[in-house]
**Student:** 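Below is the structure I would like to discuss, written out as structure tokens.
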Amino acid sequence: MLIGADWIEAGDRATFPSHDPATGKVIAELISAGPADVDAAVHAAAEAFDDWAAIVPAERARLLLRVADLVEQHADELARLETTDQGQPLPISAGFAIPMVINQFRYHAGWATKLTGITVDVSIPDIDYRTRREPLGVCALITPWNFPIMLLAFKLAPALATGNTVVIKPAEQTSLSTIRLAELCREAGLPPGVVNVVTGGPSVGRALVEHPGVAKISFTGSTEVGREIAATAGRSLKRVSLELGGKAPSVITADADIDAAVAGNLMGGLLNSGQVCAAYTRFYVARRKADEFTEKLAAGAAAQVLGHGLDPKTQLGPLVSAEQAERVDSYVRLGEAEGATLVTGGHRADGDGYFYQPTVFAGVTDSMRIAREEIFGPVLSVIPYEDEDELNLVARANDTDYGLAAVIWSTNIRTANRIARRIRAGSVYINMPPLLDPAAAWGGMKASGLGRENGFDAIEAFTEVKSIWTAL
Ligand SMILES: NC(=O)C1=CN([C@@H]2O[C@H](COP(=O)(O)OP(=O)(O)OC[C@H]3O[C@@H](n4cnc5c(N)ncnc54)[C@H](OP(=O)(O)O)[C@@H]3O)[C@@H](O)[C@H]2O)C=CC1
Ligand SMILES: CCCCCC/C=C/C(=O)O
């Protein structure tokens, strides 16, 4: 763990193992932080805050650019670490996650020198009125296990660019890339206490949320924990950003290019073995194309090569943990019990790791739990619709507690845009798999979250507006 200037060794603290999910082997032992550790980390961040907030913006920008450069120099090492700890195939860690981390630091370094307030002619005589955008203080960044370093960068880069200090609590299963990124932050010259890392289980997250020295919690994870955090933080009026679960509908209209839709949906549905909050999971297919789509989707899913993420042949890595594999399997058994037709997959794959066969269900109905609840695994559900009834289709796609992402596949751009406008989701894609960019707002409607990450929304999320009034 990193607290202030100190790298903390376990000593007599309890530890817990981190596994390679492709083999089940223990690859590291991490510290279970206690309440005193959390308190020390928050104090270290609070002590560093005034100086960090006061550093001239160009210097903050320079330091963030230096972090980006170091991540770039260590890209291969970081990608391999992420793949070994999380399971995602190297093309995802090296080709997507680590480049996104670099882009996040470069993009947000740019904001450090572009924070502005406004002047307003208020309707009171002899007053000069202006605003300033100021950092919040100590921010707790609580991150999940599906894209550990990338989703941390979504929070860390804007938090630092705007002058906040942070305490990071990574997910138990995947803390290693966070610790390495914190090392690189120190190597880049970030002062002690600006970035702190405490490892451990939910009690560590809870202690941060409850700590009076924490001004803001930025959380990515399950809707259930998000609700608990919002309730606890609400009592002390801490600022909260929540990026939570999803159950993205994928609408495939009768005029869609089916081959393109199959390819894009396989990517959107199976990326990171389906452990993605934006994963395409509910496929509303125009009835006359449903058989063709299902057949091709199932063939594509069955052809995926499962293996260790470091093996160049691998297309699909393991699930992150034995618990997640159990959870996914229980949903598949539930789907069968609910009456859906298993077209391919449906079982854990052989071997020591936590692999799950890519699974396609046909004949799924809106009310089935596999169509309503976030599974976070490689499980795809095909739901045919009558293609003359667009309004009903939209109502069905929207009939979910979630609202993170959605996609429409159609060769008619007017149809696609008409549906896109009506879908209640934070990000709607047309004829493409889900993509992200540091400049593009990211977050959910309804139970998928509160607030947005990336772009100017992230800057707003890590700052407060102060009004300054001067009597002339
Ligand atoms: N939106 C998304 O991207 C994600 C969604 N999920 C969904 O959640 C399901 C369960 O995954 P799970 O790992 O349990 O996700 P959680 O929401 O439990 O975990 C996310 C992070 O929150 C921490 N945490 C857990 N409980 C608390 C708490 N009470 N207060 C503060 N922090 C807490 C976790 O720590 P610890 O690791 O110690 O538990 C982890 O760092 C998945 O199957 C998936 O459906 C999961 C991850 C990401
Ligand atoms: C290209 C992948 C899009 C979504 C990746 C971001 C995941 C966020 C999350 O699961 O919380």
Side-chain angles (χ1 to χ4, degrees), residues 16 18 30 32-33 38 86 88 92 95-97 99-100 104 140-155 167-175 178 197-211 214 217-233 238 240-248 264 267-281 319-321 323-328 330-331 373-377 379 402 404-405 407 426-427 429 432-438 440 442-444 447-449 453-454:
F16 62 95
S18 193
L30 295 154
S32 283
V38 172
Q86 201 280 335
Q88 58 193 238
I92 301 180
F96 172 61
M100 184 65 76
Q104 285 285 348
L141 313 182
I142 303 179
T143 55
W145 45 254
N146 56 341
F147 284 100
I149 193 171
M150 181 182 90
L151 294 177
L152 169 59
F154 278 31
K155 305 176 188 310
V167 180
I168 303 164
K169 203 304 259 180
E172 274 169 296
Q173 299 89 337
T174 56
S175 301
T178 296
V197 180
V198 282
T199 51
S203 63
V204 179
R206 271 193 208 103
L208 276 172
V209 175
E210 285 165 5
H211 200 291
V214 169
I217 296 120
S218 179
F219 170 81
T220 299
S222 62
T223 295
E224 189 190 353
V225 172
R227 281 203 176 98
E228 183 187 326
I229 288 176
T232 309
K238 289 185 172 75
V240 179
S241 299
L242 303 172
E243 207 276 90
L244 308 176
K247 193 76 190 173
M267 197 170 155
L270 297 181
L271 178 78
N272 204 15
S273 300
Q275 301 169 116
V276 182
C277 53
Y280 299 165
T281 50
L319 298 174
V320 75
S321 61
E323 294 74 32
Q324 192 62 17
E326 276 307 307
R327 180 187 153 100
V328 169
S330 67
Y331 269 109
E373 298 176 19
E374 186 175 52
I375 299 176
F376 237 56
V379 183
Y402 295 113
L404 185 65
V407 60
S427 296
Y429 299 91
M432 59 184 286
L435 281 183
L436 299 164
D437 188 274
W442 178 250
S448 287
E453 302 196 288
N454 294 338

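Counting starts at 1 for both ligands and their atoms, in listed order. Please read all numbers here as calculations on a predicted model, not as lab measurements. Values below: every heavy atom of this structure, side chains too, minus hydrogens, waters and symmetry copies.
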**Student:** Please tell me whether Asn146 and Gln88 have a donor and an acceptor in their side chains that are separated by less than 3.5 angstrom.
**Tutor:**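 Note: Asn146 and Gln88 side chains miss the donor-acceptor criterion.
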**Student:** To the nearest 0.5 Å, tell me how far Leu242 CG sits from Phe219 CZ.
**Tutor:** 7.5 Å
**Student:** Please tabulate, one line per pair, the protein nitrogen or oxygen atoms found under 3.5 angstrom from a nitrogen or oxygen of ligand 2, with distances to 0.1 Å, or say none if there are no such pairs.
**Tutor:**
residue: ligand 2; atom: 10 (O); partner: Asn146; partner atom: ND2; Å: 2.6
residue: ligand 2; atom: 10 (O); partner: Cys277; partner atom: N; Å: 2.8
residue: ligand 2; atom: 11 (O); partner: Glu243; partner atom: OE2; Å: 2.8

**Student:** If you round to the nearest 0.5 Å, how far is CD of Glu210 from CD1 of Ile229?
**Tutor:**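 Reported value, rounded in 0.5 Å steps: 10.5 Å.
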**Student:** Looking only at atom types and distance, does a side-chain atom of Lys238 sit under 3.5 Å from a main-chain N or O of Val209, one as donor and one as acceptor?
**Tutor:** yes
**Student:** Which protein residues come within less than 4.0 angstrom of ligand 1, counting heavy atoms only?
**Tutor:** Ile142, Thr143, Pro144, Trp145, Asn146, Lys169, Pro170, Ala171, Glu172, Gln173, Gly200, Gly201, Pro202, Gly205, Arg206, Phe219, Thr220, Gly221, Ser222, Val225, Glu228, Ile229, Glu243, Leu244, Gly245, Cys277, Gln324, Arg327, Glu374, Phe376
**Student:** Any donor-acceptor pair under 3.5 Å linking the side chain of Glu243 with the backbone of Gly444?
**Tutor:** no
**Student:** Should Tyr402 and Leu404 count as side-chain neighbours, where that means a heavy-atom distance under 4.5 Å?
**Tutor:**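 With C-beta onward as the side chain, the pair stays apart.
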**Student:** Taking atom CG of Leu319 and atom CG of Asn272, what is their separation to the nearest 0.5 Å?
**Tutor:** 9.0 Å
**Student:** What's the separation between atom OG in Ser218 and atom NZ in Lys155, rounded to the nearest 0.5 Å?
**Tutor:**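 Result: 3.5 Å between the selected atoms.
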**Student:** Is Met267 atom CE crowded by more than 12 heavy atoms from other residues, nucleotides or ligands, each under 6.0 Å away?
**Tutor:**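 No, not enclosed.
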